[in-house]
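What's counted below: heavy atoms across the whole structure, side chains too, no hydrogens, waters or symmetry copies.
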Amino acid sequence: MQRSEPDPTGTSTRSGEGDVGAGLDALDMPVAERRSRTRLAAVLPPLVALLALVVLWQALWATAWLPEYRLPAPLAVWEVFWALVEDGQVWGILWTSVHRAVLGFAVGILIATPLGLLVARVRLVRAAIGPLLIGLQSLPSVAWVPAAVLWFGLTDAAIYFVVLLGSVPSIANGLVSGIDQIDPALPRVGRVLGARRLAAARHVLLPAALPGYLGGLKQGWAFSWRSLMAAELIAISPQLGVGLGTYLSQGQAFNDMPVVIAAILLILLVGMGIELLVFRPVERSVLRARGLAGGLG
């Protein structure tokens, strides 16, 4: 039997000892300190990327590559944004858009969830409307705005109609995809244990398909938000109030580029905030429960 010779440089030994030591140090670290380091590691890279983007923006503005009315300075956009915050107008604008998006998305979940279950489990329903759901998901939401205005007028009903048509297909298709990927033995086990129809859907299908369903919910929210912005950009009326899309349209109408960019940034911030504060924690919790959270950090 051959005897392994020790590494004369001691590199591998020191490396292994270092890894073990680092692991032990991590175990000894207080929970609060570990959590603070995890949060810092999650927040710092986006902040650095944002800072780099602002520096690049400032550099492009300084070169006068584009005229001021087409590429304003970051400071000019910040002044517009801060003026909205100081007079409180930003909260009304955000509330108008966000509450519409949340309400439309919630109704979309109530419609899309049973629809997705039917499509996934009933072959005739899948053959009949499955391709239609896929087609509706690929149809740009802005195409529904003129029809919605003609059907419902310049009312909230027209905006909610567009939001629903943006969210329902994505949520339903996500649930169908999740159910298609579960182990076929699970529904059979549920039937053996006495789970029938609603009970099987609630206790077997939905929990097993949760990762795919969650992906459909995330995409459904994204489509809801995009659909809402398209509706608010086109359907403008005093009765509808001023949302983010309307504010963006006002900036375009007055050829006010700082307002346009400030509106775009607000739309982006809301989308990022919902993802980081709502969907990311839920997704992390679901995947950790299944031992699949390694990619989320």
Side-chain angles (χ1 to χ4, degrees), residues 42 101-141 144 160-228 270-297:
V102 171
L103 182 57
F105 179 64
V107 175
I109 293 175
L110 295 178
I111 296 173
T113 300
L115 179 61
L117 288 169
L118 281 174
V119 172
R121 303 303 295 172
V122 181
R123 291 183 179 180
L124 182 61
V125 175
R126 173 174 288 204
I129 67 173
L132 179 61
L133 284 176
I134 295 174
L136 287 174
Q137 185 175 350
S138 63
L139 181 67
S141 303
W144 288 107
Y160 285 123
F161 176 78
V162 176
V163 171
L164 285 176
L165 285 176
S167 62
V168 169
S170 297
I171 298 172
N173 284 328
L175 179 54
V176 171
S177 177
I179 292 176
D180 287 345
Q181 296 177 37
I182 67 175
D183 190 339
L186 289 178
R188 290 197 294 269
V189 171
R191 287 194 296 269
V192 169
L193 295 177
R196 295 290 183 270
R197 295 183 179 178
L198 291 179
R202 179 183 174 186
H203 298 292
V204 179
L205 295 180
L206 285 177
L210 196 53
Y213 184 38
L214 182 58
L217 289 175
K218 289 177 63 176
Q219 191 175 53
W221 165 257
F223 275 69
S224 294
W225 189 238
R226 290 163 55 181
S227 303
L228 176 64
V270 171
M272 292 173 57
I274 296 296
E275 164 66 22
L276 294 176
L277 298 177
V278 179
F279 287 109
R280 182 69 62 84
V282 173
E283 185 178 27
R284 182 178 287 112
S285 176
V286 169
L287 295 183
R288 277 181 177 165
R290 288 161 168 75
L292 301 172
L296 290 177

W225 and I274: side chain to side chain contact (heavy atoms under 4.5 Å, CB included), yes or no, with the steps? CA-CA 10 Å; W225 189 238; I274 296 296; over 6 Å; no

Summary of side chain to side chain donor-acceptor pair (under 3.5 Å) pairs that have at least one residue in residues 107-119, sequence neighbours excluded: T113-Y213

Nearest 0.5 Å please: distance from the CG atom of L228 over to the OG atom of S167. 11.0 Å

Of all the heavy-atom pairs spanning L136 and P169, show the shortest one and how long it is. CB-CG, 3.7 Å

By side-chain hydrogen bond (donor to acceptor under 3.5 Å, both in side chains) - contacts of S170 (at least two apart): none

May I ask you to test the L118-R126 pair for a side-chain heavy-atom distance under 4.5 Å? no

State which residues pass side chain to side chain contact (heavy atoms under 4.5 Å, CB included) with V282; sequence neighbours excluded, sorted by chain then number. L214, V286

Pairs of donor and acceptor atoms involving the side chains of residues 101-111, under 3.5 Å and at least two apart or interchain, shall be tabulated with distances.
none

Sorted by chain and number, sequence neighbours left out, side chain to side chain contact (heavy atoms under 4.5 Å, CB included) with S141 holds for V162, S227

Salt bridge (Lys or Arg N to Asp or Glu O under 4.0 Å): which pairs involve residues 206-218, sequence neighbours left out? K218-E275, K218-E283

Can you tell me if S285 uses its side chain to pair, donor with acceptor, with the backbone of P281 under 3.5 Å? no

Qualifying residues under side chain to side chain contact (heavy atoms under 4.5 Å, CB included), relative to I129, sequence neighbours excluded: L115, V119, V125

Can you sort out the partners of Q137 under side-chain hydrogen bond (donor to acceptor under 3.5 Å, both in side chains), two or more places apart, ordered by chain and number? N173, Q219

